[in-house]
Amino acid sequence: MNLTLNTSDVQYQLVQDAQSLESACQSLATAKVIGIDTETTGLDPRTHRLRLVQIAAEKMPVMIVDLAAIPIAKLKPLRQLLTNDSTKVFHNGKFDLSFLSMANLQSTGPYFDTQLASQVLFAGLKKSHTLAALASKFLKIELNKDLQNSDFSGKLSNDQLEYAAIDAAILLPLQKVLSAHLKRAQLLPTAFLEFEAMPAVAQMELNGMLLDQQKWLAVSLDLEAKKQVAALQLKELKIRHSSQLSLLPEYTDCVNPESPQQVLAALQSKGIPIDSTNKKTLIPLASQYPIIRALLDYRKSKITSPSLLEHVHPVTGRIHAQYRQCGARSGRFSCRSPNLQNIPRDKAIRSCFVASPGYKIIKADYSQIELRITAFLSGDRRMLKAYQQGRDLHTLTASLITGKPLSGITAEDRRLAKAINFGLIYGMGAAKLQVYAETEYGVMMTLEEAQLFRKRFFQVYSGVAKWHDRIRSTVYGRGVREIRTIGGRRRRWENKPRLSELLNHPVQGTSADITKIAIAKLFKTLGKTGAKLIGTVHDEILLECPEEQVAPVSRILQKCMLSAAAQFLNPLPVGVEIQVQESWG
DNA sequence: GGATCTAGCGCC
DNA sequence: AAACGGCGCTAAATCC
């Protein structure tokens with residue numbers, strides 16, 4: 001394997017006319033693998049322009065296409081090259097594909113993304129995944145990135161051209177060495193799963209979500225008003241309750257309810273025995289102390305009203321959040337600017353995310369996917385059987401734990417069972433279960449009851465108990481610092497992981513793998529339906545679909561999601577719930 | 001004065 | 001013996 005690349009003699013050819021483009025593309029078309037990089041006038045594909053497209057292949061000079069010099073109509077050879085069946089190697093291809101797509105230069109796979117490859121390889125560890133870091137680590141080449149943010153809009157210097165050429169050329173040896181590492185670590189399937197999802201994610205970001213700004217303004221004003229009322233109540237209570245503490249000025253006037261430190265000190269000074277002001281500490285005390293009730297009300301009204309309006313794009317009028325495919329150690333997506341994965345479920349709030357005129361929002365959720373994965377991984381007979389029979393696992397758990405017949409399970413029983421199911425599969429203790437059930441599901445229980453429920457849960461689902469034991473003895477107990485999903489996605493730890501983390505990754509990570517496969521399949525299948533992928537929230541996929549296409553697209557969506565899950569969970573049945581609405585709410 | 005950390009909380 | 005995991009955002013607190 002030839003991994004040497006002397007950056008000082010990377011050859012390149014600057015292409016500024018149609019004829020040179022055609023001949024350069026002809027040579028490059030013979031390559032099985034090409035490295036592609038782009039230079040742009042900025043970071044926003046909607047407002048900044050694509051200036052250069054650099055394409056490298058082994059033993060050829062890097063072709064640098066100057067898009068400022070060649071009319072769009074003459075780019076056909078480039079289009080052909082981008083859509084041939086060679087492997088296209090990118091570094092953070094989401095960025096390049098977004099700009100190519102906006103320049104009406106579509107490309108097709110197969111793709112290899114060196115950044116995603118590195119992230120898959122080192123998931124869980126603190127590593128840098130920049131191109132310079134990878135070049136240094138794997139090729140012992142120190143890239144000079146001084147020109148990365150230089151002005152690529154005007155006349156280009158030789159230094160800029162050389163920089164551009166090197167960034168494309170280096171992708172080829174990097175792809176080789178990363179492939180070898182992925183193969184050795186048995187991570188090729190996971191990496192390819194990421195590569196196939198990558199163009200879908202790029203398109204998802206470009207599509208964005210439409211926010212009804214009028215509606216949102218009304219909702220956020222309403223939230224703000226509620227917050228003011230709560231703050232006022234809080235202030236009055238504080239002043240009254242602390243009036244006798246006039247020697248301590250910070251408690252006499254008002255305490256900033258936003259400051260956990262001040263709130264903690266203030267509450268402690270009133271003799272309330274707490275060591276934290278978080279929800280789970282305060283909720284049990286709320287009935288006893290009006291001030292705590294007021295504080296909780298204040299926080300509730302404070303519901304993160306992220307600066308959504310600031311994220312509405314001036315050109316498209318839509319919100320284009322950034323999804324990071326390997327943003328979470330488990331393989332889940334993370335999302336930011338804004339984080340659309342933690343928008344409150346409150347209908348009033350989610351209803352502000354709407355479909356364009358003539359479109360519908362199609363929202364699809366996997367049903368209890370993490371519990372199903374747990375059933376599969378543990379092999380628990382009772383859970384597997386319940387799912388095979390199409391039963392509702394929460395109701396079953398409620399019945400098994402309370403001893404009531406299935407027909408006698410109330411809504412509260414089922415909420416209790418949800419808390420038990422979701423809490424205990426990752427090994428929650430009784431004390432935490434008690435608090436968790438109350439704060440998340442509004443179900444009260446004594447510590448003794450929590451202990452009993454916990455004991456019963458592991459009795460009735462003994463396969464889950466055995467699965468915990470197995471991980472405890474073969475991984476946790478031996479100090480192993482890595483674990484994998486069903487599909488082989490690996491997460492590693494710098495230090496000894498907690499048992500709960502080891503139990504969680506195979507479940508949460510498998511769920512992420514399934515969603516990513518579904519998104520990749522969907523992207524390939526939606527084709528000319530006009531439906532657009534606009535968001536994903538872990539086990540949920542959101543599409544915006546032309547009204548007349550809703551029926552076929554719903555079927556496609558369901559089929560893609562079910563077949564993605566079947567890749568790992570077959571023959572366990574999986575459920576997908578599809579809703580067609582005017583909005584996300 | 002800006003960068004980073006912490007607590008708390010929204011979502012799955 | 002006891003232990004639920006994964007994120008990003010905001011404001012306050014703290015560090016440099």
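Side-chain atoms are counted along with the backbone in the values below, which use heavy atoms only and exclude waters and symmetry mates.
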Point to revise | Donor on one side chain, acceptor on other, T515(A) and Y366(A), under 3.5 Å | key: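 No donor-acceptor contact under 3.5 Å links the two side chains.
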
Check your understanding: Do R46(A) and S98(A) get their side chains close enough for a donor-acceptor pair, meaning under 3.5 Å?
Key ->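 On atom types as modelled, these side chains do not qualify, holding no pair under 3.5 Å.
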
Exercise for review: Pick the P atom in dG10(B) and in dA2(C), then give their distance to the nearest Å.
Suggested key: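 Straight-line distance between the two P atoms is 30 Å.
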
Review point. Taking the C1' atom of each, how far is dA3(C) from dC11(B), in whole Å?
Key: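 Straight-line distance between the two C1' atoms is 23 Å.
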
Does a side-chain N or O of [X] approach OP1 or OP2 of [N] to a distance below 4.0 Å, or not?
X       : N       : value
R491(A) : dG6(C)  : yes
R345(A) : dC12(B) : yes
R332(A) : dC12(B) : no

**Study point:** Set of residues satisfying side-chain hydrogen bond (donor to acceptor under 3.5 Å, both in side chains) with respect to S563(A), sequence neighbours excluded
**Key:** K521(A)

Review point. Taking the six-membered ring of Y441(A) as reference, does the NZ or CZ atom of K418(A) fall below 6.0 Å from its centre and within a 45° cone about the axis?
Key: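 Ring-cation test returns no.
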
Between the main-chain N or O of [Y] and the side-chain N or O of [X], is there a donor-acceptor pair closer than 3.5 Å?
X       : Y       : result
Q581(A) : G585(A) : yes
K516(A) : T190(A) : no
R481(A) : E494(A) : yes
R490(A) : L121(A) : yes
R382(A) : V460(A) : yes
D113(A) : N92(A)  : yes

Check your understanding: Does N339(A) get its side chain close enough to the base of dG8(C), under 3.5 Å, for a donor-acceptor pair?
Key ->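 Side chain to base: no pair present.
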
Point to revise | Check: R336(A) side chain, dC9(C) base, donor-acceptor under 3.5 Å | key: no

Whole Å only: how far is the [atom1] atom of [X] from the [atom2] atom of [N]?
X       : N       : atom1 : atom2 : answer
L371(A) : dC12(B) : CG    : P     : 15 Å
E370(A) : dC7(C)  : CD    : P     : 13 Å
Q451(A) : dA1(C)  : CD    : P     : 14 Å
Y476(A) : dA1(C)  : OH    : P     : 13 Å
H311(A) : dG8(C)  : NE2   : C1'   : 11 Å
Q341(A) : dG10(B) : CD    : P     : 17 Å
K347(A) : dC11(B) : NZ    : P     : 15 Å
I343(A) : dG10(B) : CD1   : C1'   : 9 Å

Practice item. With heavy atoms under 4.0 Å as the rule, sort F333(A) into base, sugar-phosphate or nothing. Key: nothing

**Study point:** Strand-adjacent residues in residues 322-331 of chain A, judged by heavy atoms under 4.0 Å from DNA chain C
**Key:**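 When residues 322-331 of chain A is checked for heavy atoms under 4.0 Å from DNA chain C, the hits, listed by number, are R324(A), A328(A), R329(A).
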
Check your understanding: What parts of residues 501-523 of chain A reach DNA chain C, counting only heavy atoms under 4.0 Å away?
Key ->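 Heavy-atom cutoff 4.0 Å gives E501(A), N504(A), Q508(A).
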
Review point. How would you list, by chain and number, every residue that makes a ring-ring contact (aromatic ring centres under 6.0 Å, His included) with F458(A), sequence neighbours excluded?
Key: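 Testing F458(A) for ring-ring contact (aromatic ring centres under 6.0 Å, His included), a comparison that skips the adjacent residues, returns H468(A).
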
Exercise for review: Please say whether more than 12 non-hydrogen atoms of neighbouring residues, nucleotides or ligands are located less than 6.0 Å from CZ in R345(A).
Suggested key: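 No, CZ of R345(A) has 12 or fewer neighbouring heavy atoms, counting only those of other groups under 6.0 Å.
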
Review point. So which pairs with a foot in residues 444-458 of chain A pass salt bridge (charged side-chain N to carboxylate O under 4.0 Å, His left out), sequence neighbours left out?
Key: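 Residue pairs passing salt bridge (charged side-chain N to carboxylate O under 4.0 Å, His left out), neighbours aside: none found.
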
**Study point:** Nucleotide nearest S337(A) (side chain, heavy atoms from C-beta), chosen from dC7(C), dC9(C), dG6(C)
**Key:**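 For the S337(A) side chain, the nearest candidate turns out to be dC9(C).
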
Practice item. Check every atom of dC12(B), dG8(C), dG8(B) against the side chain of T277(A) and return the nucleotide holding the closest atom. Key: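 Nearest nucleotide to the side chain: dG8(B).
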
Contacts under 3.5 Å, N or O only, protein and nucleotides 14-16 of chain C:
unit_1  : atom_1 : unit_2  : atom_2 : d
dT14(C) : OP1    : Q261(A) : NE2    : 3.4

